[in-house]
Structure formats: structure tokens, C-alpha cells
Novice: 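Take a look at the following structure, please.
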There are 2 protein chains.
Amino acid sequence: MIQGKEDKISLLLVDDHPMVQGGLLACFSYYDDIEVLGVSNDGETALAKAIELKPDVILMDVSMPSMNGIDATEIITEQLPDTKVLIFSMHDSAEFVRSAIQAGASGYVLKDTSSEEVYYAIKAVAKGNTHFSSSIAKTLIENPAKLENDKLTTREQVILSLVAQGLSSKEIARELNISFRTVDAHRRNIKSKLNIDCLVDLVRYAINHGLIEE
Amino acid sequence: MIQGKEDKISLLLVDDHPMVQGGLLACFSYYDDIEVLGVSNDGETALAKAIELKPDVILMDVSMPSMNGIDATEIITEQLPDTKVLIFSMHDSAEFVRSAIQAGASGYVLKDTSSEEVYYAIKAVAKGNTHFSSSIAKTLIENPAKLENDKLTTREQVILSLVAQGLSSKEIARELNISFRTVDAHRRNIKSKLNIDCLVDLVRYAINHGLIEE
DNA sequence: AATCACCTAGGTATAAATACCTAGTTAGCT
DNA sequence: AGCTAACTAGGTATTTATACCTAGGTGATT
């Protein structure tokens with residue numbers, strides 16, 4: 001199937017850095033089969049613009065004020081099933097990418113990607129395919145997904161978040177109105193699930209997975 | 001003093017993201033008093049190009065492969081005293097900015113800065129002035145510099161790094177062939193200097209200050 | 001020679017984390 | 001009704017971290 005000029009791909013750009021916006025705009029001005037409908041600086045306005053403009057593809061940054069790209073992706077793909085989201089991020093951890101896929105993203109390209117590959121990725125997701133940077137694909141293969149049983153429950157995430165904020169088990173117990181024994185049990189389960197055996201690695205896990213503000 | 005077109009500001013761009021490069025190039029193509037001499041993708045090549053091209057100003061990203069922007073800035077400002085370095089980063093912590101200033105940077109603008117302000121900042125540092133994003137200036141004021149006595153010694157940085165990698169005091173003692181009492185004493189001194197009173201905050205400090213790989 | 005910062009090391013005591021147990025309650029699902 | 005996951009809570013023992021104390025050795029500086 002050859003795509004003619006008459007069926008351009010409509011695109012919404014979401015990134016909070018003016019220079020990245022500028023680079024993307026400059027890039028896509030070279031391709032006559034891509035039409036940039038708009039640009040957003042954060043997740044909130046991206047959401048509004050997506051619903052208003054109904055673009056074929058959204059190129060979505062992740063780290064942004066107001067609402068991050070993953071959360072925005074989740075809402076957008078739910079409300080606009082025909083709009084494909086391509087994540088454009090500097091984060092390259094396997095679980096980060098998996099949470100993006102979980103949120104409904106059709107692809108994931110890193111910020112150090114060339115303009116040609118970004119263009120190619122947009123074409124791919126517009127056609128209903130997926131596209132991942134080669135290093136991302138490699139990371140996904142090298143870091144197999146966790147078993148369902150090893151995912152943290154909501155309560156465990158709360159506990160881990162508080163732990164990583166520097167609260168002791170007693171303080172957490174007071175905060176949540178439960179026994180410090182319970183907090184202790186949660187900590188044990190969390191470490192067991194994540195295969196982590198010291199507090200320090202727990203903190204690093206929490207930071208790397210966005211459970212707390214750095 | 002009015003600057004005519006005949007004394008253009010020569011510029012070297014250093015950033016590892018093609019889209020940022022593109023945005024900067026597109027931006028500066030609008031200003032006829034700025035001439036971009038070249039673009040580098042990392043600190044190492046930036047160093048070589050700086051020496052080769054001797055630009056008036058270098059717009060320098062920080063997070064890059066091969067050599068980070070702060071280290072590159074330190075070497076460049078030492079070897080090329082007439083070349084001004086303007087840091088262009090997404091990191092906005094006071095100590096990060098201070099280490100950039102310490103390395104010889106003439107200014108610091110954040111990645112969410114508009115193209116107009118980046119242009120203005122380049123003009124400022126080219127004239128020998130400094131320029132800092134307003135939020136950076138605010139951060140610097142709100143977070144006064146640490147006293148000389150509160151800076152970590154080399155040994156303390158080593159200890160902190162090992163602590164933040166998850167080693168216990170005993171393990172660190174074994175690693176460094178010293179008594180765990182000594183490690184303990186260092187830990188106490190570190191926490192005292194940094195005004196930190198729990199392990200978790202120590203780990204967060206280490207991560208936020210680049211003492212360990214995330 | 002004296003001072004000072006730094007690294008070193010030990011004693012003693014308490015608080016916190018961790019390991020290894022058990023077990024009740026509740027909500028949801030089959 | 002029975003099963004399961006998740007949250008809850010306790011006992012006991014050990015290890016680790018932390019607080020507060022002292023103090024010797026060394027190298028640089030004055």
C-alpha cells in the first residue's frame with residue numbers, strides 16, 4: 001500500500017523543552033507526508049489538544065510538569081483508540097518502557113535517536129505497527145518482565161514510597177495507623193518480590209521507578 | 001557599545017540529542033549575529049572541536065556519553081580562557097549549578113528556556129557577563145552554599161559512594177582494609193556535614209549528586 | 001614547634017532493620 | 001461453601017545503624 005500525499009499523517013508534539021519542539025518542527029517540515037497539528041508543553045494540555053485535534057499520532061515526552069507522558073498516554077489511548085502514541089524519552093529502563101506499553105503506547109524512541117528514525121517510527125505506528133529503538137528492544141529482551149506474582153500491590157507501593165522518603169517502620173506505622181509489625185511484614189514482602197536484600201537498594205529502586213520525588 | 005554584524009558571535013553547540021541540536025540550529029539561523037561553527041555529541045569531541053574552532057561561546061549540555069558537560073567545561077575554560085561556556089541543562093539543583101560555576105561556566109540556562117532567552121544568554125556571556133535562568137538564580141539564593149567545613153573530603157565521598165551502593169559498614173571496612181569503627185566515624189561525619197540523619201536521605205543525596213550510577 | 005584537618009580506631013548503649021516463625025480477617029472469585 | 005490474595009499482627013533473635021564518648025598518627029601549613 002503506497003501512501004499518497006493526500007493522506008498525510010497528522011501529528012501532535014508533546015515536549016516541555018522549546019528547543020526540542022523547535023528541532024521536531026524543523027525536522028518534520030522536511031517531510032511532506034507529516035503534518036504537525038499542534039504542540040503541547042505538558043501532559044494536561046496534551047490531553048486537551050489530543051481530544052480537540054484527534055491526531056493520527058502523538059509524539060510524547062515523559063518528564064513534564066503538570067502530568068507525565070505515561071499517565072497522559074493512558075488516558076489518551078483509552079479515550080482515542082485511533083490515536084497512536086509514540087513515546088519520545090531519554091529513559092531507557094526496561095520497566096519504564098513496559099509501563100509505557102501498558103499505558104497503551106505503540107512505540108518508544110530514545111531522545112538520542114536521529115530524525116530519520118523518529119520519522120520512520122511515526123510512519124510505523126501510524127500504520128498500526130510498533131516501533132522501538134534498537135537499544136530499547138535489546139533492553140526489553142535482556143530484562144524479562146517480572147512475574148505477575150512479583151508485582152507490588154498498592155499497599156506495598158505506599159509502604160515503599162514512605163520507606164524511600166526516609167521514614168522508619170515505626171513512623172510509617174503511625175502514619176498509616178497500623179502496627180509496625182505490619183509495616184515490617186510489608187517491607188519483607190516487598191524485598192522478597194523485588195529480590196532486594198538491603199534498604200539502600202530499596203531506595204534506589206523507588207527512585208528509579210518514580211515512586212518518590214528525587 | 002552596539003555590536004555590528006561584522007563581529008558575529010561564533011558558537012559551538014554540544015548536545016547528544018539530535019532534536020535539541022536541530023532546535024538550536026533552527027533557532028540560531030534566525031539571528032544573523034550568531035554563527036554556529038559546529039556541533040558535538042559528547043564531551044570528548046566537544047573538547048577537540050573547541051580547541052580546533054576556538055568559538056566565542058560554547059552552549060554545553062551536561063548529561064552526555066563519553067564525558068559530561070561539567071568536566072568538559074573545566075578543561076575547556078582552563079585551556080581556552082577567551083571561550084565562554086554557557087551550560088544548557090535540565091538539572092536545576094543549586095549544587096549542580098555551583099559545580100558548573102566552579103568549573104568555569106559563565107552562565108546556566110535550563111532546557112525549558114525559550115529560544116529568546118537562550119539567545120539573550122549567549123549574547124550576555126559573549127560580552128563577558130553572566131546569565132542564569134531566573135529559577136536558577138532563585139534556587140541559588142534559597143540554597144546558600146555550604147560552608148567550606150561542610151564539604152565532604154575525598155575519603156568521605158568514597159565511603160558515601162559505597163554506602164549508597166548498598167554495602168554495610170562491615171563490608172566497606174573489608175573493602176577498604178580499615179576498621180568498621182572508622183567507617184562508622186566517617187558515616188557520622190558525613191551525616192553531620194550534610195545535615196542528614198538517616199540512611200535513606202544519604203542514599204538520595206548520593207544519587208542526586210552523581211556519586212553513584214543510578 | 002605548633003596547629004589543624006583528616007584518617008584512623010575503640011567503648012558502650014540504644015534504636016532500627018532484618019530473618020524466621022505463626023496466624024487472624026476480609027474481600028473477591030469460582 | 002471454599003479458595004486465594006492482600007492486609008493485618010504478634011513472638012523471638014540477630015545484625016546493622018546510630019549516638020555519644022575518647023584519642024592516636026600523619027601530613028600540610030604557619
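Keep in mind that the numbers below use all heavy atoms, side chains included, and drop hydrogens, waters and symmetry copies. Order of the sequence lines sets the chain letters (A, B, ...), proteins ahead of strands, with each chain counted from 1. If you're wondering where the values come from, they're calculated on a predicted model, not measured in any experiment.
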Novice: Measuring from A:I75:CD1 to A:L80:CG, what's the distance to the nearest 0.5 Å?
Specialist: 11.0 Å

Novice: Side chain of A:H186: nearest nucleotide among C:dC7, D:dT8, C:dA9?
Specialist: D:dT8

Novice: Could you check whether B:N189 gets within reach of a base, just the sugar-phosphate, or nothing at all, counting any heavy atom under 4.0 Å?
Specialist: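 Contact class for B:N189: none.
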
Novice: Rounded to whole angstrom units, what separation is found between the CZ atom of A:F180 and the C1' atom of D:dT8?
Specialist: 14 Å

Novice: Is it the case that over 12 heavy atoms from other parts of the model lie below 6.0 angstrom from the CD atom of A:Q102?
Specialist: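 No, not enclosed.
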
Novice: Name the nucleic acid region contacted by A:D197, choosing base, sugar-phosphate or nothing; use a 4.0 angstrom heavy-atom cut-off, strictly under.
Specialist: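 No contact.
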
Novice: Without decimals, in angstroms, what is the distance between B:I159 CD1 and D:dA17 P?
Specialist: 12 Å

Novice: For D:dA5, take OP1 and OP2 only and decide whether either is under 4.0 Å from a side-chain N or O of A:R155.
Specialist: no

Novice: Decide yes or no for A:L12 and A:V14: does some side-chain heavy atom of the first lie under 4.5 Å from some side-chain heavy atom of the second?
Specialist: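 Yes, their side chains come closer than 4.5 Å.
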
Novice: Let's go through B:T182 and B:H186 carefully: what are the C-alpha distance in whole Å and the side-chain angles of both, what is the deciding distance for side chain to side chain contact (heavy atoms under 4.5 Å, CB included) to 0.1 Å, and is it a yes or a no?
Specialist: CA-CA 6 Å; B:T182 305; B:H186 282 305; 3.8 Å; yes

Novice: Taking the side chain of A:S168 as its heavy atoms from C-beta onward, which of C:dT8, C:dA16, C:dC6 lies nearest to it?
Specialist: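 Ranking C:dT8, C:dA16, C:dC6 by closest atom to the A:S168 side chain puts C:dA16 first.
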
Novice: The side chain of A:S169 is closest to which nucleotide in this list: D:dA19, C:dA17, D:dT8?
Specialist: C:dA17

Novice: A:I178 CD1 to C:dT26 P: how many Å, rounded?
Specialist: 16 Å

Novice: Starting at atom CG of A:L152, determine the distance to atom P of D:dA6, rounded to an integer number of angstrom.
Specialist: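 Nearest whole value for this atom pair: 11 Å.
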
Novice: From A:S106 OG over to A:F132 CZ, what is the distance, rounded to the nearest 0.5 angstrom?
Specialist: 8.0 Å

Novice: Determine whether a donor-acceptor pair (one donor, one acceptor, N or O, separation below 3.5 Å) exists between the side chain of B:R181 and the base of C:dT12.
Specialist: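 Such a pair exists between side chain and base.
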
Novice: How many whole angstroms separate atom CG of B:D201 from atom C1' of D:dA17?
Specialist: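 Roughly 14 Å, once rounded to whole Å.
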
Novice: Indicate whether OP1 or OP2 belonging to D:dG10 is found under 4.0 Å from a side-chain N or O atom of A:T182.
Specialist: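 No.
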
Novice: Taking the side chain of A:R188 as heavy atoms from C-beta outward, which of C:dC7, C:dA9, C:dC21 is closest to it?
Specialist: C:dC21

Novice: Kindly say if A:K170 contacts the phosphate of C:dA15, meaning a side-chain N or O under 4.0 Å from OP1 or OP2.
Specialist: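 Looking at the OP1 and OP2 atoms of C:dA15, neither is under 4.0 Å from any side-chain N or O of A:K170.
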
Novice: How many Å lie between NZ on B:K191 and C1' on D:dT16, as a whole number?
Specialist: 11 Å

Novice: Nearest-Å distance, CZ (A:R187) to C1' (D:dA17)?
Specialist: 12 Å

Novice: Looking only at side-chain N and O atoms, does B:T153 come under 4.0 Å of OP1 or OP2 in C:dC7?
Specialist: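 Looking at the OP1 and OP2 atoms of C:dC7, one of them is under 4.0 Å from a side-chain N or O of B:T153.
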
Novice: Could you tell me the separation between the CG atom of B:L160 and the P atom of C:dC7, rounded to a whole number of Å?
Specialist: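 Checked: the CG to P distance equals 13 Å.
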
